[in-house]
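Note sheet for the following structure.
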Amino acid sequence: MTLERFMNEAISPWMREEGPDHDIVLSSRIRLARNFADMPFPILAEQKDLEDIRTFFKEEYEHQSFGEYTNFEFISIRDLTAIEKSVLVEKHLISPFLAKREGAAAALISENEQVSVMINEEDHIRIQVYFPGLQLTKTLNRALEFDDWIEEKVNYAFDESRGFLTSCPTNVGTGMRASVMMHLPALAMTKQINRMMPAINQLGLVVRGIYGEGSEALGNIFQISNQITLGKAEEHIIEDLESVVQQLIEHERKARTRILEQSGIELENRIFRSYGVLQYSRIIESKEAARCLSNVRLGIDLGIIKNVSRNILNELMVLTQPGFLQHYAKKTLTAKERDILRASLIRERLQIEE
Amino acid sequence: MECQECHQRPASLHYTQVINGHKTEIQICEVCAKEKGYMTYPEEGYSLHNLLTGLFNFDSNHVGSPNNPLKKEKELECTKCGLTLTQFKQIGKFGCGECYHAFSSSLNPIFRRVHSGNTEHRGKIPKRKGGSLHLKKQIATYKSQLQDLIINEEFEQAAVVRDKIKDLENKITEAGDSK
């Protein structure tokens with residue numbers, strides 16, 4: 001089964017490239033919500049309508065290519081095991097909401113995993129495009145081009161005054177959610193991030209944890225995204241987001257330098273202790289693993305730890321999630337078994353680096 | 001003082017129960033209070049959905065009070081998918097694109113709250129479906145420019161803009177003819 005290809009690697013091919021500001025920004029993402037005109041949205045649609053949409057996407061786009069996004073794989077959610085679903089969620093290829101939907105939910109994923117289209121999620125169509133590092137404009141342009149390509153065959157629900165019509169009023173207008181995944185250990189350590197959040201919220205942006213709405217900032221990874229989708233052009237929404245992200249980058253860099261200057265030995269201690277825990281643990285919980293991985297990654301960025309690749313954070317954060325561990329073990333695991341396997345995988349992965 | 005239920009943990013809560021004029025004092029710890037049902041905790045976590053539903057129902061307190069039910073509001077229903085305005089406010093989701101027209105009169109306050117004051121789309125217009133909408137929007141911009149130029153008596157400039165408008169209007173009619 002071709003699904004294998006998405007399941008075997010913890011990090012997507014595009015993540016191996018280093019984007020701008022890659023020491024702090026892990027990835028940029030644009031998501032566009034679209035619906036078919038003349039058809040009720042998934043929450044109220046008849047099963048038959050949703051099946052028609054699913055079939056349409058399978059027939060029109062399976063194994064098709066758009067520019068560098070080649071050979072789209074068509075995946076029916078109902079054909080997946082629980083473990084396979086969690087792996088796709090952990091890799092951010094589909095949303096937790098899509099994974100929970102029964103029936104005609106599906107996804108199209110490009111070979112390089114940079115573009116995915118969720119079908120029959122909260123909206124009929126949700127396009128996602130990823131780029132490494134901070135590249136919002138590029139990501140937006142690609143997403144809009146891809147959107148035009150889909151629109152060649154799909155009659156979108158669009159209204160002159162309200163824009164793209166979506167099931168949830170929070171997405172209407174552009175239907176766009178732009179988000180940037182950032183590693184902010186120094187701002188978290190100095191608790192500055194908590195003080196900055198209200199200001200960020202006032203600008204119509206929102207800060208969340210790594211797995212979206214309501215999730216914790218595991219491994220000091222924060223997701224910053226726009227809240228407002230109506231009344232502003234896509235480019236302007238992105239400009240606002242980008243300027244806040246730039247400021248966060250600047251503050252994070254300053255905080256890193258300050259900690260290094262004022263408490264260098266404590267910081268070094270913290271980083272190496274974490275490195276030690278990861279290298280020698282026999283049992284490790286996901287929260288502890290995330291915390292240590294964040295510290296090690298900071299150590300790499302500051303040149304304190306050498307010869308370990310930066311990707312270790314992104315890769316191990318995903319690889320040590322419950323779905324991935326169970327996929328690796330090829331069976332369901334108890335929490336204890338997961339903690340043991342997690343520790344062993346991390347040890348192995350770090351040995352490869354040495 | 002120890003908890004009178006479990007006799008282990010210290011009592012951190014003191015209740016006075018009055019039943020038929022009979023007064024009972026209860027000294028209890030938080031754990032037992034929860035178990036015995038003295039305290040009720042709301043469902044853990046407050047989802048974005050609850051928050052939104054709260055936002056949408058903003059007017060229910062003043063306008064739709066039981067003494068003065070808004071009949072009109074109850075009757076608003078989307079002819080296409082059957083969703084009523086009340087249902088929309090409860091679930092916080094539209095049923096179909098037509099709902100936006102059906103509930104149009106009630107939507108502006110909601111959009112203003114959710115999108116910091118905005119009610120009109122200013123972003124992308126779909127390439128194919130948008131058709132002449134791009135041109136129409138451009139014409140509208142030129143027309144307001146033209147007004148300003150005339151007021152300022154910049155007639156040479158005004159003539160240029162007027163020609164641009166004519167060009168675009170011709171394009172629209174051409175596109176209409178070719179279809």
Side-chain angles (χ1 to χ4, degrees), chain A residues 32 34-46 122-123 140 143-145 147-176 202-204 206 208 212-214 226-237, chain B residues 44-53 55-56 78-85 87-104 106-134 136-137 140:
Chain A
L32 301 173
R34 301 289 187 253
N35 284 285
F36 281 80
D38 313 317
M39 228 188 268
F41 300 146
I43 51 158
L44 280 193
E46 303 272 335
E122 183 182 290
D123 296 298
L140 173 66
L144 292 179
E145 286 160 21
D147 180 44
D148 291 340
W149 186 57
I150 299 285
E151 204 236 343
E152 284 174 13
K153 290 179 183 165
V154 178
N155 241 338
Y156 281 158
F158 179 84
D159 178 83
E160 220 176 300
S161 105
R162 306 297 194 191
F164 292 95
L165 306 179
T166 54
S167 181
C168 188
T170 55
N171 293 316
V172 70
T174 59
M176 182 188 77
Q202 283 199 333
L203 293 167
V206 60
R208 299 196 179 100
E213 221 168 86
N226 65 299
Q227 188 86 292
I228 294 164
T229 56
L230 185 66
K232 273 164 95 180
E234 288 83 353
E235 309 86 71
H236 295 142
I237 296 176
Chain B
E44 284 202 25
Y46 195 70
S47 71
L48 181 68
H49 174 70
N50 299 136
L51 200 70
L52 285 177
T53 316
L55 277 179
F56 299 161
C78 173
T79 47
K80 199 164 166 224
C81 69
L83 191 80
T84 64
L85 182 63
Q87 284 172 325
F88 162 68
K89 287 183 175 179
Q90 274 161 9
I91 59 174
K93 303 267 154 70
F94 291 105
C96 70
E98 195 45 43
C99 292
Y100 280 86
H101 294 127
F103 309 144
S104 177
S106 312
L107 294 180
N108 280 353
I110 295 172
F111 288 156
R112 264 187 229 117
R113 276 174 185 242
V114 180
H115 298 288
S116 43
N118 301 323
T119 56
E120 291 274 322
H121 177 57
R122 285 193 210 290
K124 177 171 179 172
I125 295 166
K127 220 175 174 179
R128 189 176 53 83
K129 196 181 184 191
S132 56
L133 200 58
H134 297 270
K136 280 187 198 155
K137 286 221 165 174

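In what follows, chains are A, B, ... by sequence order, proteins preceding strands, each numbered from 1. All heavy atoms count here, side chains included; hydrogens, waters and symmetry mates do not.
- The shortest non-hydrogen separation linking A:Cys168 to B:Gly92 is SG-O, 4.1 Å.
- At least one side-chain heavy atom of A:Ile43 sits less than 4.5 Å from a side-chain heavy atom of B:Ile91.
- Looking at A:Val206, neither its backbone nor its side chain comes within 4.5 Å of chain B, counting heavy atoms on both sides.
- Between the side chain of A:Arg162 and the backbone N or O of B:Thr119, at least one donor-acceptor pair lies under 3.5 Å.
- Residues A:Met39 and B:Cys96 share a closest heavy-atom pair of O-CB, 4.3 Å.
- Counting heavy-atom pairs closer than 4.5 Å to chain B, the top-ranked of the candidates A:Val172, A:Asp159, A:Asp147 is A:Val172.
- Your options are A:Leu44, A:Asn155, A:Leu230, A:Leu165, and the one with the most heavy-atom pairs under 4.5 Å with chain B is A:Leu230.
- Contact detail for B:Ser116 and A:Ile228: the closest heavy-atom pair is OG-CD1, 2.6 Å.
- Residues B:Ile125 and A:Phe158 meet the side-chain proximity criterion, which asks for heavy atoms closer than 4.5 Å.
- Considering every non-hydrogen atom in both B:Phe94 and A:Phe41, the closest pair reads O-CD1, 3.3 Å.
- Taking chain B as the reference chain and counting heavy-atom pairs below 4.5 Å, the highest number among A:Asn35, A:Asp148, A:Thr174 is found for A:Asp148.
- Counting heavy-atom pairs closer than 4.5 Å to chain B, the top-ranked of the candidates A:Met176, A:His236, A:Glu122, A:Arg34 is A:Glu122.
- Judged by distance alone, with hydrogens and angles left aside, the side-chain atoms of B:Lys124 form a donor-acceptor pair with the main-chain N or O of A:Leu144 at under 3.5 Å.
- Checking side-chain atoms of B:His115 against main-chain N and O of A:Pro169 turns up a donor-acceptor pair under 3.5 Å.
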